[in-house]
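Every chain is numbered from 1 and lettered A, B, ... according to where its sequence line falls, protein lines coming before strand lines.
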Protein chains: 2
Amino acid sequence: MPAIGFEHHDHAHCVRSTLSKAEAHCADTGLRLTPVRRRALEILLAEHRALGAYDLLEVLASEGLGTQPPVAYRALDFLVKAGFAHKIEALNAYIACAHLGADHTPAFLICRGCNSVAETDTSPAQGRLGDAARAAGFVIERTVVEAEGLCPDCQKDAA
Amino acid sequence: MPAIGFEHHDHAHCVRSTLSKAEAHCADTGLRLTPVRRRALEILLAEHRALGAYDLLEVLASEGLGTQPPVAYRALDFLVKAGFAHKIEALNAYIACAHLGADHTPAFLICRGCNSVAETDTSPAQGRLGDAARAAGFVIERTVVEAEGLCPDCQKDAA
DNA sequence: TAGGGCTTGATATGTTATAACATCCAGCTT
DNA sequence: AAGCTGGATGTTATAACATATCAAGCCCTA
């Protein structure tokens, strides 16, 4: 599973295809992809960048889809629980899932230059973290793996 | 490097020894471990648990060491920059470093039952995350690795 | 068509974090 | 000793992130 986010790609296609997968998943499982939720996912998908809840709210508000914080947080909760989006803990911000449908443990590469975020995959339970957890008798339920640094473009700019 | 936090240990000794190391490090490098900073570190060291900035502020305030948020955030900034404490991103909270002096990339096991936190060590740049970063041409400067789950004691309680 | 459960609307508030500017103080300089 | 300098602290205000609560609407289905 490659990192998705920095390389150039057919973005329109990746947006459409993710939306289709989300719709199909909801149809299968009975989840309700309501107008606000669907639009929130579209907004996140529009960029490979993490958006704050209030950034999202601003866009929703400009479209008449709600003006108060709970609107954004409810939509984000839904998307995160459904696996359509992830929260980036280091930024207190949210990003659309780039590997929708794949069973994965997400990990993120966060560029401090341009704020773009690439999603990749990891298996922390199989590495040193998992070893430490087993040694301590700790049962892992969820992992947060995020790396901050510079993407290729921003390295060029810095040089 | 073992995980430190869940197992029973001589806590008074681990507090004293960490404070000594911090003092020695400041003496060596010219950093100033002022009364507020030193007391903040002591407060964090008092438990293997992450404290919010406002929790810390409450204690400092009760001792006449300052009443406004910047007091706590400045002390925490100093401790984090000096490597004496770490921020737990998943909790927006702070914990004293359990491996002071060792060159390490911290990783945390966070118990959702009792809020205790164990610090261990990881090498994300050598695992799958590092592979993905190299493949994407991304340069990692800092990593956040946190696992949420249940510690041994809380597993017993749940059963 | 009535009831239950999920969704949305609306108000208020709680929690985490920083900006901005004034003041103080220790150490150095002349 | 007077003055400068840089880090540390005091103080006020506000920005940014997140949730509790209760009322109202919608949709399914029995």
Side-chain angles (χ1 to χ4, degrees), chain A residues 22 25-27 29-41 43-44 49-82 84-95 110 112 115 117 144 146 148, chain B residues 22 26-27 29-41 43-44 49-82 84-95 110 115 144 146:
Chain A
H25 182 71
C26 287
T29 58
L31 291 175
R32 295 169 56 184
L33 193 61
T34 63
V36 183
R37 293 169 176 178
R38 188 194 153 93
R39 186 66 190 121
L41 179 54
I43 291 164
L44 291 183
R49 209 163 59 82
L51 287 185
Y54 282 71
D55 297 330
L56 173 64
L57 178 59
E58 197 174 332
V59 180
L60 292 173
S62 75
E63 299 176 359
L65 288 170
T67 60
Q68 300 305 316
V71 170
Y73 283 101
R74 284 167 180 161
L76 288 167
D77 278 355
F78 172 84
L79 296 176
V80 168
K81 283 196 178 122
F84 300 163
H86 302 293
K87 179 173 187 184
I88 308 294
E89 297 288 351
L91 301 177
N92 292 320
Y94 303 81
I95 189 166
I110 305 164
R112 69 170 164 78
N115 293 309
V117 175
V144 173
E146 301 171 3
E148 290 177 340
Chain B
C26 287
T29 58
L31 291 175
R32 295 169 56 184
L33 192 61
T34 62
V36 183
R37 293 168 177 179
R38 188 195 153 93
R39 185 69 190 118
L41 179 55
I43 291 163
L44 290 183
R49 209 162 59 82
L51 287 185
Y54 283 73
D55 296 330
L56 173 64
L57 179 59
E58 195 173 335
V59 180
L60 291 175
S62 75
E63 300 176 357
L65 287 170
T67 61
Q68 299 305 317
V71 170
Y73 282 101
R74 284 166 180 162
L76 288 167
D77 278 354
F78 171 84
L79 295 177
V80 168
K81 282 194 179 124
F84 300 164
H86 302 293
K87 179 171 187 184
I88 309 294
E89 297 288 352
L91 301 177
N92 291 319
Y94 304 81
I95 190 167
I110 304 164
N115 292 311
V144 173
E146 300 171 3

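Rounded to an integer number of Å, the gap from CG of B:Leu76 to P of C:dA17 is 9 Å. Rounded to an integer number of Å, the gap from B:Leu56 CG to C:dT15 C1' is 15 Å. In this structure, CD of B:Glu58 is placed 11 Å from P of C:dT16, rounded to the nearest angstrom. Across the protein-nucleic acid pair, B:Leu91 atom CG and C:dA17 atom P stand 11 Å apart, rounded to whole Å. Atom CG in B:Leu57 sits about 13 Å away from atom C1' in C:dT15, given to the nearest Å. Protein atom CZ of B:Arg39 is 15 Å distant from nucleotide atom P of D:dT9, rounded to whole Å. In this entry the distance linking CG of A:Leu51 with C1' of D:dC17 reads 14 Å, nearest Å. Between the OH atom of A:Tyr54 and the P atom of C:dT15 there is a distance of 14 Å, rounded to whole Å.
Counting all heavy atoms, side chain and backbone alike, B:Leu65 lies closest to B:Val36 at O-CG2, 4.0 Å. Across every non-hydrogen atom of B:Leu33 and B:Cys26, the tightest pair is CB-SG, 3.9 Å.
Between B:Lys87 and C:dA17 there is a side-chain polar atom (N or O) within less than 4.0 angstrom of OP1 or OP2. In terms of phosphate contacts, A:Asn92 brings no side-chain nitrogen or oxygen within less than 4.0 Å of OP1 or OP2 of C:dT16.
The environment of B:Glu58 atom CD is sparse: at most 12 non-hydrogen atoms of other residues, nucleotides or ligands sit within 6.0 angstrom.
Proximity of residues 59-70 of chain A to DNA chain C (heavy atom under 4.0 angstrom from any strand atom) is restricted to A:Gln68, A:Pro70.
For A:Tyr73 and D:dA20, a side-chain-to-base donor-acceptor distance below 3.5 Å is absent, hydrogens and geometry of angles not being considered.
A:Arg37 contributes a side-chain N or O that, together with a main-chain N or O of A:Arg32, makes up a donor-acceptor pair within less than 3.5 Å. With A:Glu146 contributing its side chain and A:Glu89 its backbone, the two residues share a donor-acceptor pair below 3.5 Å.
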- Item | Test side chain to side chain contact (heavy atoms under 4.5 Å, CB included) applied to B:Ile95 and B:Lys87, step by step | CA-CA 6 Å; B:Ile95 190 167; B:Lys87 179 171 187 184; over 6 Å; no

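Note that CZ of B:Arg74 and CG of B:Leu76 are 12.5 Å apart. Values are rounded to the nearest 0.5 Å. For the atom pair B:Tyr94 OH and B:Leu41 CG, the distance stands at 15.0 Å (nearest 0.5 Å).
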Distances for protein N/O vs nucleotides 6-8 of chain C N/O pairs under 3.5 angstrom?
residue	atom	partner	partner atom	Å
C:dT7	OP1	A:Arg37	NH1	3.1
C:dT7	O5'	A:Arg37	NH2	3.4
C:dT8	OP1	A:Thr34	OG1	2.8

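Looking at heavy atoms from C-beta onward, B:Leu31 lies in side-chain contact with B:Phe78 at the 4.5 angstrom threshold.
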